[in-house]
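What follows is one structure encoded as structure tokens, with my remarks underneath.
As a basis for the values below, the full set of heavy atoms in this structure was taken, side chains included, without hydrogen atoms, waters or symmetry mates.
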Amino acid sequence: HVLQVGLKAHGDQSIDVELALSKDSGEPVGTFAKTAEIVDGEGVCSFKLDLEPGFYHAAFSMTDDKGKVELTSSNIGINPELISSPQDKQPDFDAFWSETLAELAEVEIDSKLTLLKEHSNDVRKAYRVEMKSLGGETISGLLYVPVADGKYPAMISYMGYGSEVWYADPSSNPQMIEFMLCVRNQAFNRKPAEENDWCARGIESKETYYYRGAFADAVRAIDFVCSLEKTDLDRVFAAGESQGGALTLAAASLDGRLKAIAPSAPFLCDYPDYFVLAGWPGDPIEAAAKKAGMSEEEMFKVLSYFDIKNFTDRIQCPVIMAIGLQDDVCPPHTNFAGYNHILTEKSWICYPESGHNVWQQPGWPVAKEDFFEKYI
């Protein structure tokens, strides 16, 4: 693999260039030095390295006749589809989720729709939705439905951690049913002064951990959308960013009705490595586990039931994933930990300069639209 850095300095001269390379975990790989030639004020220095698949941090500096100058630093990726993050499913993983889905199915959806006149027009009507999910919990969402008769494709949007609901122009997507899900305790369902501690709630057991309910809510959203008279059941799709990306992958893993999905920067993948690569959500989860008197082994055993990499081999539909190479919230390694276990048609897009806010990259909405158009 060749890493290159562009150089600028005055005149013609020889300069010393240094590359400090480390793994994304922070473990040093080595420091490498070369001499490069500057001609007419510009040059390029190349380092040829033999690197294992994975993500790394590269920091370049140079020393010329004026002293040492820090040039640039960046995360880089090498053959990410070859990254090995083995699944750590517990023996009863499938049984646990089958029982959870069976329990969810016993709960009547009991959906209630309230027209939002200020967000509706003669093209699509907007509704505030409330319904019941696992444990009888009331969850909610925002629904847009075309006014004209007929069957329509439906898009489910799963929201990021702690996100607020955003309202669409009802004329913006006239041939699409759109439903934005608010999982329990978030967005519409958030209680006054409620803390953002969902990732650590109920860590004491797999039965009580927050994401058991949240993943069930993601499936309930599919139940709801498929119950609508105007939904074309052969064209139900899902997308989401960050936590929404995780919910998208979990929903497609647990329910075969989704026909194509587009997660970006997915959260909750590969907990053991994640806790090494980033301080959050590891710190609050570890603190909650310690408070509950759990060992690290017991904590990771509970988390394994909710680790996205343990779900994704169950996905039955095409997938496109977006990542930000500089993402320090959901590091790229964790994104591929789940992606690499997907067995269906799949593709990914990397935005090299993007951090966690992949969804703000101008190319991603276009890429998603082109992807879904093949199935719509």
Side-chain angles (χ1 to χ4, degrees), residues 23-27 52-55 80 83-101 134 161 183-185 195-218 242-251 253-254 263 265-315 323 327-342 356:
K23 294 183 178 180
D24 54 358
S25 62
E27 179 185 347
E52 297 177 350
F55 289 91
I83 292 173
S84 177
S85 293
Q87 293 181 323
D88 56 2
K89 294 182 184 183
Q90 302 301 318
D92 65 339
F93 179 90
D94 290 331
F96 171 74
W97 282 107
S98 293
E99 291 165 6
T100 298
L101 294 177
L134 189 70
Y161 195 96
V183 293
R184 58 191 59 206
N185 302 112
E195 295 184 5
N196 295 349
D197 62 347
W198 307 293
C199 64
R201 288 187 190 180
I203 190 62
E204 296 83 2
S205 75
K206 62 183 184 292
E207 288 80 15
T208 59
Y209 187 51
Y210 172 80
Y211 280 103
R212 178 174 183 252
F215 286 5
D217 297 345
S242 192
Q243 175 186 258
L247 294 171
T248 300
L249 291 166
S253 302
L254 294 170
F267 185 39
L268 306 177
C269 294
D270 199 0
Y271 285 103
D273 284 353
Y274 200 160
F275 285 18
V276 173
L277 299 173
W280 185 88
D283 289 349
I285 294 176
E286 288 176 325
K290 184 177 180 181
K291 185 176 181 180
M294 301 174 71
S295 67
E296 185 177 86
E297 181 182 0
E298 290 170 331
M299 177 190 69
F300 280 123
K301 182 177 180 179
V302 169
L303 291 174
S304 70
Y305 289 91
F306 309 93
D307 193 324
I308 292 299
K309 74 177 181 184
N310 291 334
F311 287 85
T312 49
D313 59 335
R314 300 161 52 117
I315 290 174
I323 69 163
D327 190 346
D328 59 1
V329 177
C330 297
H333 169 94
T334 67
N335 305 153
F336 279 94
Y339 178 90
N340 287 348
H341 290 289
I342 296 172
H356 188 53

Exercise. Using the benzene-type ring in the case of Trp, are the ring centres of Tyr305 and Tyr211 under 6.0 Å apart?
Worked result: no
One should read off an interatomic distance between Ser85 OG and His333 NE2, to the nearest 0.5 angstrom, of 3.5 Å
Heavy-atom closest pair (Glu204 atom, Ala292 atom, distance to 0.1 Å) is CG-CB, 3.7 Å
* Asked: With side chains defined as the heavy atoms from C-beta onward, is the minimum distance between Lys23 and Val276 less than 4.5 Å?
  -> no
Just by modelled atom types, is the Ala214 backbone N or O under 3.5 Å from a matching donor or acceptor in the Asn185 side chain?
no
Paired with Phe306, the ring-ring contact (aromatic ring centres under 6.0 Å, His included) test is passed by just one of Trp97, Trp198, Tyr274, namely Trp97
Are side-chain heavy atoms of Phe55 and Ile83 found at a separation under 4.5 Å? yes
query = Quick one: does Tyr209's side chain have a donor or acceptor within less than 3.5 Å of a partner on Ala200's backbone?
reply = no
| request: Evaluate whether atom CD of Glu207 has more than 12 neighbouring non-hydrogen atoms of other residues, nucleotides or ligands under 6.0 angstrom away. | output: yes
When every non-hydrogen atom of Ala251 is compared with those of Ala218, the smallest separation belongs to CB-CB, 4.0 Å
Between the CH2 atom in Trp280 and the CD1 atom in Ile285, the distance rounded to the nearest 0.5 Å is 8.0 Å
For Ala265 and Asp327 the tightest heavy-atom approach is CB-OD2, 3.8 Å
Exercise. Do the side chains of Thr334 and Asp273 get nearer than 4.5 Å, heavy atoms only?
Worked result: no
message = Please tell me whether Tyr339 and Phe336 form a close aromatic pair, meaning their ring centres lie under 6.0 Å apart.
response = yes
Is there a side chain to side chain contact (heavy atoms under 4.5 Å, CB included) between Leu268 and Phe311 once you walk through the steps? CA-CA 11 Å; Leu268 306 177; Phe311 287 85; over 6 Å; no
Looking only at heavy atoms, the pair that brings Ile308 and Phe215 closest together is CD1-CZ, 4.0 Å
d(Cys330 SG, Leu277 CG) to nearest 0.5 Å is 11.0 Å
Checklist entry - Backbone N or O of Ala95 within a donor-acceptor pair of the Ser98 side chain at under 3.5 Å? => result no
Tightest non-hydrogen contact, residues Glu298 and Gly293, listed as OE1-O, 4.1 Å
One should read off an interatomic distance between Ser253 OG and Ile342 CD1, to the nearest 0.5 angstrom, of 7.5 Å
d(Met299 CE, Phe275 CZ) to nearest 0.5 Å is 5.0 Å
The test is side chain to side chain contact (heavy atoms under 4.5 Å, CB included); show your working for Asn310 and Gln90 and say whether it passes. CA-CA 9 Å; Asn310 291 334; Gln90 302 301 318; over 6 Å; no
In terms of heavy-atom contacts, Leu249 and Pro263 come closest through CD2-CG, 3.8 Å
d(Asp328 CG, Asp24 CG) to nearest 0.5 Å is 12.0 Å
Salt bridge check: are Asp313 and Lys89 linked by an N-O gap of less than 4.0 Å? yes
- Should Asp88 and Lys309 count as side-chain neighbours, where that means a heavy-atom distance under 4.5 Å? yes
